[in-house]
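Heads up: the structure comes next, in structure tokens.
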Amino acid sequence: MDIRSLLMKDIMIMDLKATTKSEVIDEMVHNYYEHGIIDDEDLYKKDIIKREEEGSTGMGDGIAIPHAHDAAVKKPAVQFARSVAGVDYDSMDGQPAHLFFMIAAPEGGDNTHLQALAALSQVLMNPDVVTALKAADTPDKVQDIFAEAVAKKEAENKAEEEAEKAAANSNSDRPYIVAVTACPNGIAHTYMAEENLKKKAKELGVDIKVETNGSEGIKHRLTEDEISRAVGVVIAADKKVEMNRFDGKPLVNKPVKSGIQEPEKLIQQVLDGKAAIYHATGDDSSSSTESDGTVWGNIYKQLMNGISHMLPFVIGGGILMAISFIVEQYMGGAKAPAFIFLNSAGNLAFAFMVPVLAAYIAESIGDTPALMPGFVGGFMASIANASLGGSYHVNFQANSTSPAGFLGGIAAGFIAGYLILGMKKMFAGLPRSVEGMKPMLLYPVFGLLFIALIMYFIVNPIFSTINLWITHFLNGMGTGNLVLLTLVLAGMMSIDMGGPFNKAAYVFASGAFANDPKSTTAAILMAAVMVGGMVPPFATAIGTAFFKNKYTEDERRAGVTNWILGFSFITEGAIPFATADPGRVIPSCIIGSAVSGAIVGAMRIGIPAPHGGFWVSPLATNIWGYFLAVIVGSIVAALIMSFWKKPVNEK
């Protein structure tokens, strides 16, 4: 398929009016609808946004490739749009996007258009093409640039395939590596990662073959001989790929964005002998992870899988419960219908919090068979004997009054996941004739039996005691110790702005809140992490507003957005600033966040809600103190950061 038939002139936008990411999506989706490319604007936009939630399609170098593959698309198309000023699109490099390619791929049909889209994605990795597109001012020039670039790339691909075949069958002294790239939609990221890995391998003097798992299926499939000959394997994928074939090989396993952003690092890790040896688990597939192969890397990835699925229950349930407390206090007490409704809805969401946490930790370890035992183990951890109005017996200590709680749920998830892995190895020798019994009978029955035994006799008795002790300790803390704790928690929120330290602080506070939503101390801990997470975006917003000569034009534009992000407790708005100047920005934000946390502890400011920023300020036990903590911490961080930085023209 000629790329020009996809990259149609009449739907190009040469001067995009949008100034924000959401406006870009709205403008381009509506343009598709106006030209009959899609027949359901809402459905297509929903899938575009869903893809963005999985990871921004802002590829860096001024390029963004939003895409969707759904029933709303009537015919395949690529919409080109150009923004001269640039738009903050949450790009991988933190820089504004100027060139937008919105890909519309229909469900069903042949794969001709997918092959064309793959070619388009590859040529966008060529900096000469990007430079030419930024200068193009007419649709004809855009089409000509792509037609020439795609034709050249196709010729190069044929030559590379021949070279790959020769490399795979030769006795060359050059190191030989195999790789797999894959993303959930399989439209753009898959092929961009492939292109960058090939390009970097060529620069490093390495022979490489890359298998792509895209929307058109598996291309350039690796053979047993190629895998056997390779010195190592690179996986850059965000979806499951066949992994057992790599048993015993040094293997680097990272998300697809790593293949786009840091291909040299992935290849060099294999060449330097730093890749961990992969051991097959007996499954047909395994998903890509953020893990670096270390024990802690795996544990963190598995824990984050549970937490990411749990957070909607915490946030939704917690905020409704917090609102119900206000209703109870000001609108009729505990018998008011509004209180009963809101409190019940919030409690129902909270009842699923620990089971969902445990279930998805387990699923991350043992795949789908581990989901049920993880869920049951989490449910057993979340209730005390005969609680929730039922006749449950989850603990052999008949007089237990405290559930194992959040910590017990984490333990349940890991135990259930590794139980299933153990059973997979135990049942691996069974005849193939009974293979179908494993997921339908053996895993559910034995998984449930073993997790129930372990939770009933070991985990719940231990963790219910620990959880009760922690609750008593927190509730009995004096002001001095409380200030120290809130200072540390708030400061941790700024160390990596969404990374492990940030998540550890948030999980600690939300765990205390989940165990006892009406606890004054738990509310204070929630307020501490909230103000700590709001300081970085507010600090950068203040700095760019009042010290303009210390920040670039792009940073000043991002600073405007950070007023809203700070208001909404979205710490990640400060990441581009931290990435550009970590030595100044991160320490400044840590100090400012710690100051705000200390104020929260000293004034005993509580927020009985797990998220929301200033939107939930009416729930604060001391609303003016809450504002004060954020304002003071943000100003402190902004001043330190801005006085520390050099004027832009001196850099």
Side-chain angles (χ1 to χ4, degrees), residues 118 122 125 156-183 186 189-214 216-294 297-298 301:
Q122 288 179 321
M125 293 290 96
E156 290 177 357
N157 285 344
K158 290 181 181 179
E160 286 176 0
E161 287 179 12
E162 294 300 321
E164 286 174 1
K165 291 178 182 178
N169 297 318
S170 72
N171 294 317
S172 169
D173 292 333
R174 288 160 59 97
Y176 179 62
I177 291 176
V178 293
V180 181
T181 64
C183 66
H189 292 58
T190 300
Y191 306 105
M192 288 182 155
E194 174 199 20
E195 181 67 14
N196 275 6
L197 284 168
K198 285 182 175 180
K199 185 185 298 182
K200 190 54 64 175
K202 185 176 181 179
E203 292 176 10
L204 295 173
V206 175
D207 291 328
I208 190 170
K209 179 175 180 181
V210 184
E211 173 185 298
T212 56
N213 287 215
E216 56 175 326
I218 296 176
K219 305 288 288 185
H220 316 300
R221 183 184 285 274
L222 300 174
T223 66
E224 289 185 13
D225 182 63
E226 288 165 345
I227 295 170
S228 175
R229 179 173 170 266
V231 297
V233 183
V234 172
I235 305 293
D238 287 335
K239 70 175 185 179
K240 293 184 177 181
V241 298
E242 298 174 22
M243 294 291 285
N244 280 349
R245 53 190 168 153
F246 303 124
D247 186 39
K249 302 294 293 188
L251 185 144
V252 178
N253 195 356
K254 292 289 184 179
V256 70
K257 69 178 182 181
S258 295
I260 298 171
Q261 287 182 292
E262 47 187 20
E264 181 175 2
K265 180 180 177 181
L266 305 187
I267 294 171
Q268 201 63 51
Q269 196 170 337
V270 172
L271 298 179
D272 293 343
K274 296 180 180 179
I277 302 299
Y278 178 74
H279 299 289
T281 62
D283 295 334
D284 291 332
S285 61
S286 178
S287 44
S288 175
T289 76
E290 291 275 3
S291 170
D292 56 7
T294 65
N298 286 321
K301 183 269 298 186

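Only heavy atoms go into these numbers, but all of them, side chains included; no hydrogens, no water, no symmetry mates.
- To the nearest 0.5 angstrom, Asn253 atom CG is 10.0 Å from Ser258 atom OG.
- Residues Pro175 and Leu271 are in side-chain contact: their nearest non-hydrogen atoms beyond the backbone lie under 4.5 Å apart.
- The shortest non-hydrogen separation linking Ile260 to Ala193 is CG1-N, 3.7 Å.
- In this structure, Val252 and Ala275 approach most closely via the heavy-atom pair CG2-CB, 3.7 Å.
- No side-chain heavy atom of Phe246 sits under 4.5 Å from any side-chain heavy atom of Ile277.
- Nearest approach of Val180 to Leu222, heavy atoms of both residues: CG2-CD1, 4.0 Å.
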Should Lys198 and Glu194 be marked as a salt bridge (Lys or Arg N to Asp or Glu O under 4.0 Å) after you check the CA-CA gap, both sets of side-chain angles, and the distance that decides it? CA-CA 6 Å; Lys198 285 182 175 180; Glu194 174 199 20; 3.2 Å; yes
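- When the side chain to side chain donor-acceptor pair (under 3.5 Å) test is applied to Ser228, no partner is found at least two apart in sequence or on another chain.
- Just one of Ile208, Leu266, Leu251 meets the side chain to side chain contact (heavy atoms under 4.5 Å, CB included) condition when paired with Val234; it is Leu266.
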Steps toward side chain to side chain contact (heavy atoms under 4.5 Å, CB included) verdict (His220, Thr212): CA-CA 7 Å; His220 316 300; Thr212 56; 4.3 Å; yes
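- No side-chain heavy atom of Val206 sits less than 4.5 Å from a side-chain heavy atom of Arg174.
- Annotation: side chain of Ile227 is not in contact with side chain of Asp225 (no heavy-atom distance under 4.5 Å).
- Gln269 contributes atom CD, which lies 9.0 Å from atom CD of Glu262 (distance to the nearest 0.5 angstrom).
- The backbone N or O of Glu226 lies less than 3.5 Å from no partner atom in the side chain of Lys209, so there is not a single donor-acceptor pair.
- Here the closest non-hydrogen pair linking Ile267 and Leu197 is CD1-O, 3.7 Å.
- The closest side-chain heavy-atom distance from Val270 to Val233 is not below 4.5 Å.
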The test is side chain to side chain contact (heavy atoms under 4.5 Å, CB included); show your working for Arg229 and Tyr176 and say whether it passes. CA-CA 7 Å; Arg229 179 173 170 266; Tyr176 179 62; 3.0 Å; yes
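- Among residues two or more places apart in sequence or in another chain, the side chain to side chain donor-acceptor pair (under 3.5 Å) test is passed with Gln268 by Asp272.
- Glu211 is linked by a side chain to side chain donor-acceptor pair (under 3.5 Å) to Asn213, Arg245, counting only residues two or more places apart in sequence or in another chain.
- Taking the salt bridge (charged side-chain N to carboxylate O under 4.0 Å, His left out) definition, one finds that Lys200 meets it with Glu203, Glu264, sequence neighbours left out.
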